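Presented below is the structure to which this report refers.
Basis for what follows: all heavy atoms, side chains included, without hydrogens, waters or symmetry-related copies. Nothing here was measured: the structure is a model prediction, and the numbers come from that model.
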Amino acid sequence: MRKTMAIGLVAVIAIYVLGGMSARHEIFPWPQLSALKKTIAGEKAAASSRYTFDDKERLIADESKTAVTCPTQTDRTAVLLILGQSNAANYGGQRHRSDYGARVVNAFDKRCFIAASPLLGSTNTKGEYWTLLGNKLIGSGQNDSVILAPLAYSGSEVARWATGGDLNPVLIDTMKQLQDSGYRITSVLWVQGEADLVLGTTSEAYQKHFISMVDTLRQHGVEAPVYISIASKCLEPSNGGFKEHIPDNPIVRAQLALSKSGHGIREGANSDALLDGDDRYDDCHIGGSGAEKVSQAWLNLLRGESHLESSR
(Lines give C-alpha, C1' and ligand atoms only; values in the text may rest on other atoms or scores of the structure.)
Protein backbone atom coordinates (compact mmCIF):
# COMPACT_ATOMS: atom_id res chain seq x y z
CA MET A 1 0.00 0.00 0.00
CA ARG A 2 2.79 2.36 0.99
CA LYS A 3 4.66 1.47 -2.18
CA THR A 4 1.61 2.29 -4.28
CA MET A 5 1.18 5.65 -2.52
CA ALA A 6 4.86 6.49 -3.00
CA ILE A 7 4.68 5.69 -6.71
CA GLY A 8 1.56 7.84 -7.01
CA LEU A 9 3.23 10.76 -5.21
CA VAL A 10 6.28 10.55 -7.47
CA ALA A 11 4.00 10.53 -10.52
CA VAL A 12 2.13 13.65 -9.34
CA ILE A 13 5.40 15.48 -8.69
CA ALA A 14 6.74 14.47 -12.10
CA ILE A 15 3.60 15.70 -13.82
CA TYR A 16 3.79 19.02 -11.91
CA VAL A 17 7.47 19.56 -12.79
CA LEU A 18 7.09 18.55 -16.41
CA GLY A 19 3.98 20.69 -16.77
CA GLY A 20 5.74 23.72 -15.36
CA MET A 21 8.76 23.18 -17.60
CA SER A 22 6.64 22.67 -20.68
CA ALA A 23 4.67 25.84 -19.98
CA ARG A 24 7.78 27.88 -19.29
CA HIS A 25 9.74 26.61 -22.28
CA GLU A 26 6.82 26.09 -24.65
CA ILE A 27 7.47 22.37 -25.18
CA PHE A 28 5.09 19.43 -25.52
CA PRO A 29 2.41 19.15 -24.34
CA TRP A 30 1.79 22.72 -23.17
CA PRO A 31 1.42 24.44 -26.59
CA GLN A 32 -1.00 21.78 -27.72
CA LEU A 33 -3.07 21.98 -24.53
CA SER A 34 -3.05 25.79 -24.67
CA ALA A 35 -4.22 25.75 -28.29
CA LEU A 36 -7.00 23.29 -27.42
CA LYS A 37 -8.16 25.54 -24.57
CA LYS A 38 -8.29 28.57 -26.89
CA THR A 39 -10.24 26.57 -29.47
CA ILE A 40 -12.83 25.49 -26.94
CA ALA A 41 -13.08 28.66 -24.84
CA GLY A 42 -12.09 31.21 -27.48
CA GLU A 43 -9.53 34.00 -27.27
CA LYS A 44 -9.87 36.37 -24.34
CA ALA A 45 -11.34 39.65 -25.56
CA ALA A 46 -9.10 42.71 -25.27
CA ALA A 47 -10.15 45.12 -22.54
CA SER A 48 -12.14 48.03 -23.93
CA SER A 49 -10.69 51.55 -23.78
CA ARG A 50 -11.97 55.03 -24.48
CA TYR A 51 -8.74 55.74 -26.39
CA THR A 52 -7.76 54.92 -29.98
CA PHE A 53 -4.21 55.11 -31.32
CA ASP A 54 -2.65 54.97 -34.77
CA ASP A 55 0.19 52.66 -35.81
CA LYS A 56 2.74 55.08 -34.33
CA GLU A 57 0.92 55.13 -30.97
CA ARG A 58 -0.42 58.65 -31.49
CA LEU A 59 -3.75 59.36 -29.79
CA ILE A 60 -6.32 59.85 -32.55
CA ALA A 61 -9.64 59.42 -30.70
CA ASP A 62 -11.00 59.74 -27.19
CA GLU A 63 -14.64 58.96 -26.38
CA SER A 64 -14.70 61.64 -23.69
CA LYS A 65 -14.00 64.51 -26.11
CA THR A 66 -16.60 67.19 -26.77
CA ALA A 67 -16.79 68.08 -30.46
CA VAL A 68 -17.58 71.70 -31.32
CA THR A 69 -17.74 73.88 -34.41
CA CYS A 70 -14.23 75.04 -35.25
CA PRO A 71 -13.85 78.75 -34.35
CA THR A 72 -13.39 81.19 -37.21
CA GLN A 73 -9.88 82.61 -37.19
CA THR A 74 -9.56 86.36 -36.63
CA ASP A 75 -6.58 88.60 -35.94
CA ARG A 76 -7.07 87.73 -32.27
CA THR A 77 -6.89 83.97 -32.76
CA ALA A 78 -3.73 82.01 -31.92
CA VAL A 79 -3.20 78.92 -34.06
CA LEU A 80 -0.38 76.95 -32.45
CA LEU A 81 1.32 74.05 -34.23
CA ILE A 82 3.04 72.10 -31.45
CA LEU A 83 5.87 69.74 -32.40
CA GLY A 84 8.44 67.61 -30.60
CA GLN A 85 8.82 64.63 -28.34
CA SER A 86 7.39 63.56 -24.97
CA ASN A 87 7.54 66.92 -23.18
CA ALA A 88 5.45 68.34 -26.02
CA ALA A 89 3.13 65.32 -25.94
CA ASN A 90 0.73 63.87 -23.37
CA TYR A 91 3.30 62.95 -20.71
CA GLY A 92 2.58 65.75 -18.22
CA GLY A 93 1.97 65.05 -14.57
CA GLN A 94 -1.14 67.25 -14.47
CA ARG A 95 -4.16 67.27 -16.75
CA HIS A 96 -5.84 70.51 -17.80
CA ARG A 97 -9.03 71.54 -19.58
CA SER A 98 -10.30 74.71 -21.20
CA ASP A 99 -11.57 77.32 -18.75
CA TYR A 100 -13.26 79.06 -21.67
CA GLY A 101 -15.22 76.29 -23.36
CA ALA A 102 -14.97 76.31 -27.15
CA ARG A 103 -12.62 79.30 -27.14
CA VAL A 104 -9.70 76.91 -26.52
CA VAL A 105 -9.91 73.94 -28.86
CA ASN A 106 -7.87 70.92 -29.90
CA ALA A 107 -7.85 70.78 -33.72
CA PHE A 108 -7.37 67.32 -35.18
CA ASP A 109 -8.30 65.68 -38.49
CA LYS A 110 -10.29 68.75 -39.65
CA ARG A 111 -12.42 68.68 -36.48
CA CYS A 112 -12.33 70.66 -33.25
CA PHE A 113 -12.84 69.56 -29.66
CA ILE A 114 -12.92 71.55 -26.45
CA ALA A 115 -9.32 71.37 -25.26
CA ALA A 116 -8.72 68.88 -22.45
CA SER A 117 -5.85 66.57 -21.58
CA PRO A 118 -4.87 64.34 -23.24
CA LEU A 119 -4.80 66.17 -26.56
CA LEU A 120 -5.47 64.37 -29.83
CA GLY A 121 -2.50 64.33 -32.17
CA SER A 122 0.26 63.33 -29.75
CA THR A 123 1.38 60.16 -27.99
CA ASN A 124 0.23 58.95 -24.55
CA THR A 125 -2.81 59.80 -22.42
CA LYS A 126 -1.49 61.77 -19.46
CA GLY A 127 -1.41 65.52 -18.94
CA GLU A 128 -0.01 68.43 -20.95
CA TYR A 129 0.44 72.18 -20.48
CA TRP A 130 -0.71 73.51 -23.84
CA THR A 131 -4.31 73.72 -22.69
CA LEU A 132 -3.04 75.69 -19.67
CA LEU A 133 -1.20 78.00 -22.08
CA GLY A 134 -4.44 78.48 -24.03
CA ASN A 135 -6.22 79.46 -20.82
CA LYS A 136 -3.45 81.93 -20.02
CA LEU A 137 -3.53 83.47 -23.51
CA ILE A 138 -7.24 84.22 -23.17
CA GLY A 139 -7.10 85.14 -19.49
CA SER A 140 -4.35 87.68 -20.15
CA GLY A 141 -6.35 89.33 -22.92
CA GLN A 142 -3.77 88.30 -25.50
CA ASN A 143 -6.23 86.27 -27.60
CA ASP A 144 -9.96 85.72 -27.94
CA SER A 145 -9.60 82.11 -29.10
CA VAL A 146 -6.79 79.53 -29.24
CA ILE A 147 -6.43 76.60 -31.64
CA LEU A 148 -4.07 73.89 -30.38
CA ALA A 149 -2.72 71.55 -33.06
CA PRO A 150 -0.27 69.15 -31.41
CA LEU A 151 1.88 66.64 -33.25
CA ALA A 152 4.40 65.17 -30.82
CA TYR A 153 5.97 61.72 -30.57
CA SER A 154 7.74 60.39 -27.51
CA GLY A 155 11.43 59.68 -28.08
CA SER A 156 11.49 61.15 -31.59
CA GLU A 157 14.86 62.43 -32.77
CA VAL A 158 15.11 65.49 -35.01
CA ALA A 159 16.12 63.44 -38.09
CA ARG A 160 12.66 61.84 -38.16
CA TRP A 161 11.11 65.29 -38.74
CA ALA A 162 13.45 66.27 -41.57
CA THR A 163 12.85 65.56 -45.25
CA GLY A 164 13.10 61.79 -45.69
CA GLY A 165 12.16 61.09 -42.08
CA ASP A 166 9.04 59.08 -41.25
CA LEU A 167 7.37 61.99 -39.40
CA ASN A 168 7.87 64.52 -42.19
CA PRO A 169 4.84 63.31 -44.21
CA VAL A 170 2.70 63.39 -41.04
CA LEU A 171 3.80 66.99 -40.49
CA ILE A 172 2.81 67.87 -44.04
CA ASP A 173 -0.57 66.21 -43.61
CA THR A 174 -1.18 68.08 -40.34
CA MET A 175 -0.42 71.42 -42.00
CA LYS A 176 -2.76 70.57 -44.87
CA GLN A 177 -5.58 69.65 -42.48
CA LEU A 178 -5.25 73.00 -40.72
CA GLN A 179 -5.18 74.88 -44.01
CA ASP A 180 -8.22 72.96 -45.29
CA SER A 181 -10.00 73.99 -42.07
CA GLY A 182 -9.33 77.63 -42.89
CA TYR A 183 -6.52 78.13 -40.39
CA ARG A 184 -3.29 80.05 -40.80
CA ILE A 185 -0.67 78.91 -38.29
CA THR A 186 0.45 81.86 -36.15
CA SER A 187 3.28 80.16 -34.20
CA VAL A 188 5.17 76.87 -34.34
CA LEU A 189 6.34 75.65 -30.93
CA TRP A 190 9.14 73.05 -30.93
CA VAL A 191 10.00 71.10 -27.75
CA GLN A 192 12.56 68.41 -28.50
CA GLY A 193 16.23 67.53 -28.04
CA GLU A 194 16.43 65.03 -25.20
CA ALA A 195 16.51 62.01 -27.52
CA ASP A 196 19.26 63.49 -29.66
CA LEU A 197 21.49 64.16 -26.66
CA VAL A 198 21.26 60.50 -25.65
CA LEU A 199 21.85 59.37 -29.24
CA GLY A 200 24.97 61.52 -29.51
CA THR A 201 23.71 63.68 -32.39
CA THR A 202 26.29 66.34 -33.25
CA SER A 203 25.46 70.03 -33.15
CA GLU A 204 25.96 70.28 -36.90
CA ALA A 205 23.69 67.32 -37.66
CA TYR A 206 20.97 68.66 -35.36
CA GLN A 207 21.00 72.05 -37.08
CA LYS A 208 20.92 70.45 -40.52
CA HIS A 209 17.88 68.30 -39.74
CA PHE A 210 16.04 71.10 -37.98
CA ILE A 211 16.53 73.49 -40.91
CA SER A 212 15.23 70.75 -43.20
CA MET A 213 12.06 70.56 -41.10
CA VAL A 214 11.69 74.35 -41.17
CA ASP A 215 12.10 74.23 -44.96
CA THR A 216 9.20 71.77 -45.06
CA LEU A 217 7.07 74.25 -43.11
CA ARG A 218 7.96 77.11 -45.44
CA GLN A 219 7.41 75.05 -48.59
CA HIS A 220 3.87 74.36 -47.42
CA GLY A 221 2.91 77.94 -46.74
CA VAL A 222 3.73 78.30 -43.02
CA GLU A 223 5.24 81.76 -42.58
CA ALA A 224 4.85 81.88 -38.79
CA PRO A 225 7.82 82.16 -36.44
CA VAL A 226 9.26 78.84 -35.29
CA TYR A 227 10.15 78.85 -31.59
CA ILE A 228 12.84 76.33 -30.68
CA SER A 229 12.94 75.38 -27.02
CA ILE A 230 16.18 74.84 -25.18
CA ALA A 231 15.41 71.28 -24.21
CA SER A 232 17.92 68.48 -23.69
CA LYS A 233 17.36 67.34 -20.11
CA CYS A 234 15.77 63.96 -19.39
CA LEU A 235 17.46 62.09 -16.56
CA GLU A 236 17.62 58.48 -15.44
CA PRO A 237 17.94 55.26 -17.45
CA SER A 238 14.26 54.50 -16.78
CA ASN A 239 13.50 57.43 -19.09
CA GLY A 240 16.21 56.53 -21.57
CA GLY A 241 18.40 59.29 -20.16
CA PHE A 242 21.62 59.80 -18.23
CA LYS A 243 22.22 59.96 -14.47
CA GLU A 244 23.44 63.56 -14.60
CA HIS A 245 22.90 66.47 -16.97
CA ILE A 246 25.60 68.66 -18.51
CA PRO A 247 23.97 71.99 -19.43
CA ASP A 248 26.57 72.92 -22.06
CA ASN A 249 26.09 70.14 -24.59
CA PRO A 250 25.95 69.80 -28.41
CA ILE A 251 22.14 69.90 -28.55
CA VAL A 252 21.81 73.09 -26.50
CA ARG A 253 24.57 74.71 -28.58
CA ALA A 254 22.66 73.75 -31.73
CA GLN A 255 19.37 75.10 -30.39
CA LEU A 256 20.92 78.41 -29.36
CA ALA A 257 22.67 78.76 -32.72
CA LEU A 258 19.45 78.01 -34.59
CA SER A 259 17.55 80.63 -32.59
CA LYS A 260 19.97 83.25 -33.91
CA SER A 261 20.23 81.94 -37.47
CA GLY A 262 17.31 83.78 -39.07
CA HIS A 263 14.82 81.75 -41.13
CA GLY A 264 12.10 83.02 -38.78
CA ILE A 265 13.50 80.85 -35.98
CA ARG A 266 13.38 82.23 -32.44
CA GLU A 267 14.35 81.02 -29.01
CA GLY A 268 11.54 79.30 -27.16
CA ALA A 269 11.10 78.37 -23.52
CA ASN A 270 14.29 77.15 -21.85
CA SER A 271 13.00 74.18 -19.88
CA ASP A 272 16.55 73.02 -19.08
CA ALA A 273 17.18 76.17 -17.03
CA LEU A 274 13.61 76.89 -15.94
CA LEU A 275 12.70 73.61 -14.28
CA ASP A 276 14.26 72.19 -11.12
CA GLY A 277 14.01 68.67 -9.74
CA ASP A 278 10.61 69.21 -8.14
CA ASP A 279 9.13 70.31 -11.48
CA ARG A 280 9.76 66.94 -13.14
CA TYR A 281 7.75 64.11 -11.61
CA ASP A 282 10.13 61.39 -12.83
CA ASP A 283 13.35 63.39 -13.42
CA CYS A 284 12.33 63.94 -17.03
CA HIS A 285 8.67 64.74 -17.64
CA ILE A 286 6.93 67.90 -16.53
CA GLY A 287 4.73 67.87 -13.43
CA GLY A 288 2.14 70.35 -12.19
CA SER A 289 4.54 73.02 -10.94
CA GLY A 290 6.63 72.65 -14.09
CA ALA A 291 3.56 73.10 -16.26
CA GLU A 292 2.84 76.42 -14.56
CA LYS A 293 6.39 77.62 -15.18
CA VAL A 294 6.65 76.47 -18.79
CA SER A 295 3.19 77.72 -19.82
CA GLN A 296 3.97 81.11 -18.30
CA ALA A 297 7.28 81.24 -20.18
CA TRP A 298 5.47 80.50 -23.45
CA LEU A 299 2.86 83.14 -22.64
CA ASN A 300 5.57 85.75 -22.11
CA LEU A 301 7.22 84.83 -25.41
CA LEU A 302 4.00 84.94 -27.41
CA ARG A 303 2.89 88.20 -25.80
CA GLY A 304 6.27 89.67 -26.61
CA GLU A 305 5.88 88.58 -30.22
CA SER A 306 2.47 90.24 -30.38
CA HIS A 307 3.86 93.51 -29.03
CA LEU A 308 6.71 93.30 -31.55
CA GLU A 309 4.30 92.80 -34.45
CA SER A 310 2.02 95.65 -33.34
CA SER A 311 4.96 98.08 -33.14
CA ARG A 312 6.05 97.46 -36.72
>> Apply side-chain contact (heavy atoms from CB on, under 4.5 Å) to residues His263 and Ile211 and explain how you reach the verdict.
In response: CA-CA 8 Å; His263 306 283; Ile211 290 295; 3.9 Å; yes
>> Could you walk me through whether Glu157 and Tyr206 satisfy the side chain to side chain donor-acceptor pair (under 3.5 Å) test, starting with their C-alpha distance in whole Å, then the side-chain angles of each, then the deciding distance to 0.1 Å, before giving a yes or no?
In response: CA-CA 9 Å; Glu157 63 268 30; Tyr206 191 95; over 6 Å; no
> Can you list the steps and then say if Asn124 with Ser86 is a side-chain contact (heavy atoms from CB on, under 4.5 Å)?
Replying inline: CA-CA 9 Å; Asn124 215 341; Ser86 60; over 6 Å; no
>> Run the salt bridge (Lys or Arg N to Asp or Glu O under 4.0 Å) test on Lys293 and Asp276 for me, step by step, so that the C-alpha distance in whole Å, both residues' side-chain angles and the decisive distance to 0.1 Å come before the verdict.
In response: CA-CA 10 Å; Lys293 290 181 180 180; Asp276 59 33; 3.7 Å; yes
> Phe210 and Trp190: ring-ring contact (aromatic ring centres under 6.0 Å, His included), yes or no, with the steps?
Replying inline: CA-CA 10 Å; Phe210 187 83; Trp190 172 263; 5.4 Å; yes
> Hey, mind stepping through Thr123 and Arg58 against side chain to side chain donor-acceptor pair (under 3.5 Å) and telling me if it holds?
Replying inline: CA-CA 4 Å; Thr123 55; Arg58 182 173 60 143; over 6 Å; no
>> The test is side-chain contact (heavy atoms from CB on, under 4.5 Å); show your working for Trp130 and Val191 and say whether it passes.
In response: CA-CA 12 Å; Trp130 304 115; Val191 183; 3.9 Å; yes
> Does the pair Glu236 and Cys284 meet the rule for a side-chain contact (heavy atoms from CB on, under 4.5 Å), with working shown?
Replying inline: CA-CA 8 Å; Glu236 289 302 311; Cys284 176; over 6 Å; no
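With hydrogens and angles left out, the side-chain atoms of Ser156 and Gln85 include no donor and acceptor closer than 3.5 Å. Counted by atom type alone, Gln207 and Ser203 present one or more donor-acceptor pairs between their side chains at under 3.5 Å. Between the side chains of Gln192 and Asp196, at least one donor-acceptor pair of N or O atoms lies under 3.5 Å. Counting only N and O atoms by type, the side chains of Ser295 and Glu292 include no donor and acceptor under 3.5 Å apart. Side chains of Gln296 and Asn300: a donor-acceptor N/O pair is present below 3.5 angstrom, by distance only.
Using a 4.5 Å cut-off on side-chain heavy atoms (C-beta onward), Leu235 and Glu244 make no contact. Contact check for His285 versus Asn87: side-chain heavy atoms found under the 4.5 Å cut-off. Counting only heavy atoms from C-beta outward, the side chains of Ile172 and His220 approach each other to under 4.5 Å. Arg111 is not listed as a side-chain neighbour of Cys70, based on a closest heavy-atom distance of 4.5 Å or more. Residues Leu197 and Lys233 fail the side-chain proximity criterion, which asks for heavy atoms closer than 4.5 Å. Between Thr77 and Asp144, the closest side-chain pair of non-hydrogen atoms is not below 4.5 Å. Put simply, the side chain of Asn90 does not reach to within 4.5 Å of the side chain of Ser117, judged on heavy atoms. Within the 4.5 Å cutoff, the side chain of Asp55 has no heavy atoms near those of the Phe53 side chain.
Hydrophobic clustering (side-chain heavy atoms under 4.5 Å, transitive across Ile, Leu, Val, Met, Phe, Trp, Tyr) keeps Leu132 apart from Ile286. Connection of Leu81 to Ile265 is established within a shared hydrophobic cluster, with ILVMFWY side chains joined at heavy-atom distances below 4.5 Å, either directly or through further cluster members. The cluster map of Ile, Leu, Val, Met, Phe, Trp and Tyr, joined by side-chain heavy atoms under 4.5 Å apart, puts Val214 and Met175 in the same cluster. Leu275 is not connected to Ile230 by any chain of hydrophobic side-chain contacts under 4.5 Å among Ile, Leu, Val, Met, Phe, Trp and Tyr, and they are in different clusters. The hydrophobic clustering, which links ILVMFWY residues whose side-chain heavy atoms are closer than 4.5 Å, places Phe108 and Leu83 apart.
Within 6.0 Å of CZ in Arg97 there are 12 or fewer heavy atoms belonging to other residues, nucleotides or ligands. In this structure, Ile246 places its CD1 atom where only 12 or fewer heavy-atom neighbours from other residues, nucleotides or ligands lie under 6.0 Å away.
Remark: side-chain polar atoms of Ser232 are not paired, donor with acceptor, to backbone N or O of Glu194 under 3.5 angstrom. Side-chain N or O atoms of Asn135 include none that pairs as donor or acceptor with a backbone N or O of Ser98 at under 3.5 Å. In this structure, Arg76 contributes its side chain and Ser145 its backbone to no donor-acceptor pair below 3.5 Å. Not one N or O on the side chain of Arg303 forms a donor-acceptor pair closer than 3.5 Å with the backbone of Trp298. No donor-acceptor pair closer than 3.5 Å links the side chain of Asn106 to the backbone N or O of Ala115. Here the side chain of Asn143 pairs no donor or acceptor atom with the backbone of Val146 at under 3.5 angstrom. A side-chain donor-acceptor contact under 3.5 Å links Ser49 to the backbone of Tyr51. With Lys65 contributing its side chain and Ala116 its backbone, the two residues share a donor-acceptor pair below 3.5 Å. Proximity of a side-chain donor or acceptor of Arg253 to a complementary backbone N or O of Ala257 within less than 3.5 Å is not detected. At distances below 3.5 Å, not a single donor-acceptor pair connects side-chain atoms of Arg280 with backbone N or O atoms of Cys234.
If you take OG on Ser229 and CG on Leu189, they are separated by 7.5 Å, rounding to the nearest 0.5 Å. A distance of 10.0 Å separates CG in Leu133 from CG in Leu301, rounded to the nearest 0.5 Å. Within the model, atoms OG of Ser122 and CD of Glu57 stand 13.0 Å from one another, a figure rounded to the nearest 0.5 Å. To the nearest 0.5 angstrom, Arg103 atom CZ is 11.5 Å from Leu137 atom CG. Note that the CG atom of Leu80 and the CD1 atom of Ile147 stand 9.0 Å from one another [nearest 0.5 Å]. Between the OG atom in Ser261 and the CG atom in Leu256 there is a gap of 11.5 Å [rounded to 0.5 Å].
Residues Gln94 and Gly288 approach most closely at CB-CA, 3.9 Å, considering heavy atoms. Nearest heavy-atom pair across Glu128 and Leu119 is OE1-CD1, 3.4 Å. Across all their heavy atoms, Ile228 and Ser259 have their closest contact at CG2-CB, 4.1 Å.
Using a cutoff of 4.0 Å between basic side-chain nitrogens and carboxylate oxygens, Asp62 and Arg50 are scored as salt-bridged. A salt bridge links Lys56 to Asp166: one of the charged nitrogens lies within less than 4.0 Å of a carboxylate oxygen.
The only option from Leu120, Val68, Val105 that meets the side chain to side chain contact (heavy atoms under 4.5 Å, CB included) definition with Phe113 turns out to be Leu120.
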